[in-house]
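Please read the structure below before turning to the comments.
These numbers come from the heavy atoms of this one structure, side chains and all, not from hydrogens, waters or symmetry mates.
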Amino acid sequence: QVQLVESGGGLVQPGGSLRLSCTASGRTSSIVAMAWFRQAPGKERDFVGLITWRTNNTLYANSVKDRFTISRENAKTTAYLQMDSLTPEDTAVYYCAAGARLRTTPDYDYWGQGTQVTVSS
């Protein structure tokens with residue numbers, strides 16, 4: 001089993017930045033990829049980006065590419081989602097997920113509790 005704990009959400013003005021963290025514990029050796037998804041009210045859970053656990057390669061959704069950055073220090077169990085140039089359309093609950101397969105769909109084995117990000121003036 002893997003446990004994921006997120007932190008870092010909040011309220012930010014348009015054009016601002018936030019950084020989310022996701023810390024994994026438990027059987028972290030089983031993780032192949034950690035991904036971020038977001039879900040706005042009444043909408044589906046959408047892929048934001050992912051990082052491969054062993055090589056730190058990243059992949060992003062087109063909607064956040066060049067604005068969001070996922071990173072992880074080597075051998076550490078925390079990954080970060082740095083969000084810049086935020087717009088109201090980025091408002092959602094953000095979830096981190098981890099699993100043994102690299103996917104852009106929400107078919108991950110383990111999920112964090114979610115953290116609210118609100119972009120508003």
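Of all heavy-atom pairs spanning A100 and V32, the tightest one is O-CG2, 3.2 Å. Across P14 and S121, no two heavy atoms sit closer than the pair CD-N, 3.7 Å. Here the closest non-hydrogen pair linking L4 and M34 is CD2-CE, 3.9 Å. Contact record, A40 with A92: N-CB, 3.8 Å, taken as the closest heavy-atom pair.
In terms of hydrophobic clustering, with Ile, Leu, Val, Met, Phe, Trp and Tyr side chains grouped at heavy-atom distances under 4.5 Å, Y80 and I51 are assigned to different clusters. The hydrophobic clustering, which links ILVMFWY residues whose side-chain heavy atoms are closer than 4.5 Å, places W53 and L59 apart. In the hydrophobic clustering of this structure, I70 does not group with Y108; members are Ile, Leu, Val, Met, Phe, Trp, Tyr whose side-chain heavy atoms approach within less than 4.5 Å, directly or through other members.
Under the 4.5 Å side-chain criterion, counting only non-hydrogen atoms from C-beta, V2 is not in contact with D109. By the 4.5 Å heavy-atom criterion applied to side chains, T52 and L102 are counted as neighbours. The shortest side-chain heavy-atom distance between P106 and W111 falls under the 4.5 Å cut-off. Looking at heavy atoms from C-beta onward, L20 lies in side-chain contact with T115 at the 4.5 angstrom threshold. Annotation: side chain of S120 is in contact with side chain of L11 (closest heavy-atom distance under 4.5 Å). Taking the side chain as every heavy atom from C-beta outward, W36 and M83 never approach each other to under 4.5 Å. Contact of the F68 side chain with the L81 side chain is registered, since non-hydrogen atoms from C-beta on lie closer than 4.5 Å. A 4.5 Å side-chain heavy-atom check between T69 and Y60 finds at least one atom pair inside the cut-off.
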- Query: Yes or no on side chain to side chain contact (heavy atoms under 4.5 Å, CB included) for V117 and L18, after CA distance, side-chain angles and deciding distance?
  - Reply: CA-CA 8 Å; V117 172; L18 275 178; 3.9 Å; yes
- Message: Using side chain to side chain contact (heavy atoms under 4.5 Å, CB included), reason through F47 and R103 one step at a time and then give a plain yes or no.
- Response: CA-CA 9 Å; F47 173 74; R103 297 180 182 272; over 6 Å; no
- Message: side chain to side chain donor-acceptor pair (under 3.5 Å) for Y94 and R38? Distances and angles first, verdict last.
- Response: CA-CA 4 Å; Y94 283 71; R38 65 186 182 185; 2.9 Å; yes
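Not a single donor-acceptor pair under 3.5 Å links the side chain of T28 to the backbone N or O of S25. In terms of modelled atom types and a separation under 3.5 Å, the side chain of Q113 and the main chain of E6 share a donor-acceptor contact.
Atom CZ in R72 sits 11.0 Å away from atom SG in C22 (nearest 0.5 Å). Between the CZ atom of R45 and the OG1 atom of T105 there is a distance of 12.5 Å, given to the nearest 0.5 Å.
For the residue pair T23/T78, the side-chain donor-acceptor check at 3.5 Å is satisfied.
Salt-bridge check for D90 with R67: passed, with a basic side-chain N closer than 4.0 Å to an acidic carboxylate O.
Separation of the F37 and Y95 ring centroids does not fall under the 6.0 Å cut-off.
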